[in-house]
Asker: 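Just dropping this structure here.
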Amino acid sequence: MLLQATHHWRSLDAEQRAAFRERVLVLVFQGFPTLRLRQFATCESRWETQCAEVAVWETPDLDEYHAAVDALHRCEYFGLPYFEVIDVIPTHGECWREDDFAVSQSCAL
């Protein structure tokens with residue numbers, strides 16, 4: 001998921017961002033045990049990029065993914081918003097190998 005940080009997010013200092021992650025994101029994701037989210041900041045200050053952050057979601061349960069995204073829309077993450085979605089790129093890990101695809105139906109979004 002390609003995200004653009006809004007002025008709301010950029011106005012927070014590092015301590016406020018960490019507090020938000022602890023206060024909100026940890027609580028949201030406690031309800032979704034099979035879901036994993038990793039978020040990366042792009043190097044937009046060094047290169048021209050179309051997004052400020054890349055969120056990599058991993059789950060074998062797409063219903064949990066949709067429920068988690070809905071929960072993020074009800075908080076500051078997408079609700080204020082701190083971030084706006086630029087694009088969603090759904091993938092299956094290593095799906096070019098037929099035997100791997102049959103064994104694992106994990107999806108990264």
Asker: Please check if the side chain of Q16 supplies one atom and the backbone of D13 the other of a donor-acceptor pair under 3.5 Å.
Answerer: yes

Asker: Is a donor on one side and an acceptor on the other found under 3.5 Å between the side chain of T42 and the backbone of A52?
Answerer: yes

Asker: Specify the closest pair of heavy atoms between C51 and L3, including all atoms of both residues, with the distance to one decimal.
Answerer: CB-O, 3.2 Å

Asker: Would you say V56 and I89 are hydrophobically clustered, going by side-chain heavy atoms of ILVMFWY under 4.5 Å?
Answerer: yes

Asker: Would you check if T6 and R10 make a side-chain contact, meaning some heavy-atom pair closer than 4.5 Å?
Answerer: no

Asker: Could you give me the CA-CA distance, side-chain angles and deciding distance for D61 and L35, then say whether side-chain contact (heavy atoms from CB on, under 4.5 Å) is met?
Answerer: CA-CA 8 Å; D61 184 343; L35 188 63; over 6 Å; no

Asker: Give me the atom names and distance for the closest heavy-atom approach of P33 to E64.
Answerer: CD-OE2, 3.4 Å

Asker: How many angstroms lie between atom CG of L12 and atom NE2 of H7, to the nearest 0.5 angstrom?
Answerer: 10.5 Å

Asker: Is it the case that the side chain of T59 and the backbone of Y65 share a donor-acceptor pair, with hydrogens and angles ignored and the cut-off at 3.5 Å?
Answerer: no

Asker: Which atom pairs, donor and acceptor, lie under 3.5 Å between side-chain atoms of residues 75-85 and protein residues at least two apart or in another chain?
Answerer:
{"residue": "E76", "atom": "OE2", "partner": "R23", "partner atom": "NH2", "Å": "3.0"}
{"residue": "Y77", "atom": "OH", "partner": "Q39", "partner atom": "OE1", "Å": "2.6"}

Asker: Mind checking what makes side chain to side chain contact (heavy atoms under 4.5 Å, CB included) contact with Q50, not counting sequence neighbours?
Answerer: L2, I86

Asker: Out of curiosity, L37 CG to F29 CZ, how far, rounded to the nearest 0.5 Å?
Answerer: 4.5 Å

Asker: Establish whether L27 and V69 are linked, either directly or via other cluster members, by ILVMFWY side-chain heavy-atom contacts under 4.5 Å.
Answerer: no

Asker: Do E58 and R38 have side-chain heavy atoms sitting under 4.5 Å apart?
Answerer: yes

Asker: Taking C-beta and beyond as the side chain, do W57 and M1 meet within less than 4.5 Å on heavy atoms?
Answerer: yes

